[in-house]
Amino acid sequence: WSGRSRSWAEAEAEVGALAGALAARHGVERGDRVALVSADAPEALLAFLALSRLGAVAVIAPRGGDLDEVAALGATLALCDADSYAACAAAFDEALVLDDPEHPGALRVGGAGESANPPRERGLAEDVCAVVFTAGGGGRRRPAVVTNRRWTLGALGAAAACALSSRDTVWCGGGLDNALGLVVGAGAALVSGARLALTPGFDPETFWSGARRAGVTVVYAHGEVAREVAREASPTEHAVRAWCSVGLDAETRGALAGRHGLELVANVYATTEAPLALADLGDAEPGSVGRAPPGMHAHRIVRVEDQGELARDEGGRLVRCVTGEVGALVARLAADHPALRYDGFADDQGSPVFTTPGGRYLDTGDLARANEAGDVTVLGPRRDAFRAADGAWRASADALAALRRVEGAREVAVWREGSVWRVAAAPEAVDVAALRAAVDSPIMVTLLPTLPRDSAYRPDMVALRAMNAR
């Protein structure tokens, strides 16, 4: 981090000291919800681990999100960086600064009567360790629950996919305020004993130089990061051997594997609150997310009625799609299977879980199709898709792929609004006529100097929808 390093022993000592101070000075104990409001930094990750050691729940504020939403989930204490202190002091009963020991509101450690290594809580698999905000229905953020089970399975799965070991250095391209960074990137490094390279944000112009300087061997990042990196020329020598992304298109994957010489380029799909995980580790249809790992065959692709309801047969069971047919991607749930349980959301805005005579399922809200080998291609949210007169789907992923091929369209986002596509593109010099000619449905275009991004470098769809609403 910023040219500085910590050993595992130093990190262990800091986590113990933080946990001791939180317990002794501020009364944090098992089950308490504590807000974590910080930019990506080692202090944020160490604070999360300290809360986990106490059995407390880290309610992780989304970057630029509404702190009142976080406080409404039961957090009265906030651990924050110095830049967020004023806002946190106004939103919570107490705010403590993590990254500046000279700050008047700094968390003090090492006081009299504090244990440098308080007793570890014997947490259970179903205990909640974090709440992270994810994009739910309608493009609004929802607080998704992450249990110890979900965090552990996700971290172990990500580490296994890239065969991580203590010889690796992981670059975490997803912010620590979302599951991609907290569970996949940081989690995989922690459970494997690999080194973890954290950065305050992604910059395509400095990625390769930073990766070389840190000795990065494995990257976990969103497909938007991969697209930017694939455009840049890589150094003739670098140590990166594997890249694991969410939302990776076939062209970008080919560039990473071919032009940049990576041994493994994986494309994955996973849900934060449910047990669905799919992964293509290099042997599946280009552009797909492959198949479920062994023991995780939880997905179904089912037909959707014209009115938007999931199709059912006379017995009330879901009607599965045939090979190549586009349908709704759902996840099968099983309370007696350790990997097929539903963690859910921390709010009361409705559950995507439903029951049929064939079992309990979670509706991911996404469209997908599968080929004869079972490779799944995810086509984007159903809320952003059209049903044509002939019954065929017009999916946002297909529109996005076509719009990205327009010359000069470096950044593109697309979603449905009423009966038209809403398109945000950058830079402002993009040819609007070319964008309109790229898709066979009506579109409304907003040109921006650059698209707003979240901490994982994804287009911030919440901000874009709000922008167009205004």
Under the 3.5 angstrom rule, does the side chain of [X] hit a backbone N or O of [Y] as a donor-acceptor pair?
| X | Y | result |
| --- | --- | --- |
| Ser245 | Leu248 | no |
| Asn267 | Ser288 | yes |
| Arg458 | His222 | no |

With a 4.5 Å cut-off on side-chain heavy atoms, are [Y] and [X] touching?
| X | Y | result |
| --- | --- | --- |
| His260 | Trp208 | yes |
| His299 | Leu278 | yes |
| Leu196 | Leu190 | no |
| Trp421 | Arg394 | yes |

| said: Are more than 12 heavy atoms, taken from residues, nucleotides or ligands other than Glu126, located less than 6.0 Å from that residue's CD atom? | reply: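 Counting neighbours around CD of Glu126, more than 12 heavy atoms of other residues, nucleotides or ligands fall under 6.0 Å, so yes.
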| message | Does Glu237, at its CD atom, have more than 12 non-hydrogen atoms belonging to other residues, nucleotides or ligands within less than 6.0 Å? | response |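 No, because the 6.0 Å sphere around CD of Glu237 holds 12 heavy atoms or fewer from other groups.
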Quick one: side chains of residues 368-380, donor-acceptor pairs under 3.5 Å with protein atoms, not counting sequence neighbours, listed by atom name and distance.
{"unit_1": "Asn371", "atom_1": "OD1", "unit_2": "Ala373", "atom_2": "N", "d": "3.0"}
{"unit_1": "Asn371", "atom_1": "OD1", "unit_2": "Gly374", "atom_2": "N", "d": "3.0"}
{"unit_1": "Asn371", "atom_1": "OD1", "unit_2": "Asp375", "atom_2": "N", "d": "2.8"}
{"unit_1": "Asn371", "atom_1": "ND2", "unit_2": "Glu285", "atom_2": "OE1", "d": "2.9"}
{"unit_1": "Asn371", "atom_1": "ND2", "unit_2": "Asp375", "atom_2": "OD2", "d": "3.2"}
{"unit_1": "Asp375", "atom_1": "OD1", "unit_2": "Arg291", "atom_2": "NH1", "d": "2.1"}
{"unit_1": "Asp375", "atom_1": "OD2", "unit_2": "Glu285", "atom_2": "N", "d": "3.1"}

| task | Validate the cation-pi geometry between Arg416 and Phe386: distance from NZ or CZ to the six-membered ring centre under 6.0 Å, angle to the ring axis within 45°. | result |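 Judged by the rule, Arg416 and Phe386 form a cation-pi pair.
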| Distance (rounded to the nearest 0.5 Å) between Glu43 CD and Leu176 CG | 11.0 Å
| task | May I ask you to check whether Trp171 and Phe207 place their ring centers less than 6.0 Å from one another? | result | yes
| query | Any side-chain donor paired with an acceptor under 3.5 Å for Ser455 and Asn178? | reply | yes
